[in-house]
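Have a look at the structure below, then the notes.
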Amino acid sequence: MGDVMDVPKLQSSLRLIARGLEELAAALGEPESSEDERTARVIEEWGRRGLTQKEASALFQRHGFAPQTTGGWARGDWVEIGDDGLRYLTARSHAWLEERS
């Protein structure tokens, strides 16, 4: 046996496991909220305060998102990193929530 890992195969397997867990979670409880509903809850809870990377990841997880979602939101101009190193929601995030109300 060598020490070489088949990374693409591992990634594929992890994705299958994740999909299976999502289906299991959906079967166990109340209907899952839509992504828009979960997004709105994240924005409402986050507010205008700055969060550390760990806090932002935990917030996303509480609302059914992957902890890495902060990075995607940053690339989409929904989150920015302030001079203090904290993550803040951008005006785009707050405007989206206001338009939804």
Side-chain angles (χ1 to χ4, degrees):
M1 283 213 148
D3 288 336
V4 179
M5 294 176 25
D6 185 350
V7 174
K9 187 173 183 178
L10 286 171
Q11 289 172 323
S12 176
S13 296
L14 287 171
R15 287 186 185 102
L16 286 172
I17 291 168
R19 276 195 295 272
L21 291 174
E22 286 292 328
E23 290 177 20
L24 178 60
L28 290 177
E30 298 175 19
E32 187 175 314
S33 300
S34 73
E35 185 172 339
D36 279 358
E37 290 169 329
R38 293 182 296 129
T39 298
R41 287 197 302 262
V42 166
I43 295 171
E44 288 168 351
E45 186 175 338
W46 192 323
R48 299 201 179 270
R49 64 192 167 106
L51 299 178
T52 65
Q53 181 178 7
K54 187 175 179 180
E55 292 169 331
S57 293
L59 175 62
F60 280 113
Q61 284 184 295
R62 275 196 304 278
H63 293 286
F65 291 99
Q68 302 85 355
T69 303
T70 310
W73 279 34
R75 286 186 294 282
D77 194 33
W78 288 71
V79 170
E80 62 189 1
I81 299 177
D83 292 336
D84 56 4
L86 297 177
R87 281 102 182 115
Y88 294 88
L89 293 176
T90 63
R92 177 181 184 183
S93 298
H94 295 291
W96 180 88
L97 185 61
E98 288 175 20
E99 290 170 8
R100 199 174 164 345
S101 301

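- Shown here for P67 and S57, the closest heavy-atom pair between the two residues is O-OG, 3.1 Å.
- Between I43 and L89, the closest side-chain pair of non-hydrogen atoms falls below 4.5 Å.
- In this structure, R38 is positioned above the aromatic face of F65, its NZ or CZ under 6.0 Å from the six-membered ring centre and within 45° of the axis.
- Put simply, the side chain of R48 never gets that close to the backbone of W46: no donor and acceptor are under 3.5 Å apart.
- Taken from CD1 in I81 to CG in L51, the straight-line distance is 12.0 Å, to the nearest 0.5 Å.
- The line from CZ of R92 to CG of D77 is 6.0 Å long, rounded to the nearest 0.5 Å.
- Looking at R15 and I17, their side chains never come closer than 4.5 Å, going by heavy atoms from C-beta outward.
- Shown here for E55 and G50, the closest heavy-atom pair between the two residues is OE1-O, 4.3 Å.
- Between the CG atom in L86 and the OG1 atom in T52 there is a gap of 7.0 Å [rounded to 0.5 Å].
- With a 4.5 Å cut-off on side-chain heavy atoms, E37 and R100 count as touching.
- Here the side chains of T90 and W73 are not in contact, with every heavy-atom distance at 4.5 Å or above.
- Note that the CD atom of Q53 and the OG1 atom of T70 stand 7.0 Å from one another [nearest 0.5 Å].
- S33 and R41 share a side-chain donor-acceptor pair at under 3.5 Å.
- Rounded to the nearest 0.5 Å, atoms OG (S93) and OH (Y88) are 14.5 Å apart.
- Shown here are the side chain to side chain contact (heavy atoms under 4.5 Å, CB included) partners of A66, two or more places apart in sequence or in another chain: Q68, T69.
- Atom CZ of R87 sits about 11.5 Å away from atom CD of E80, to the nearest 0.5 Å.
- Taking all atoms of both residues into account, the shortest heavy-atom contact from W96 to D36 is CH2-O, 3.4 Å.
- With hydrogens and angles disregarded, no donor-acceptor distance shorter than 3.5 Å links the side chain of S12 to the backbone of P8.
- Shown here are the side chain to side chain contact (heavy atoms under 4.5 Å, CB included) partners of R62, two or more places apart in sequence or in another chain: E45, A58, L59.
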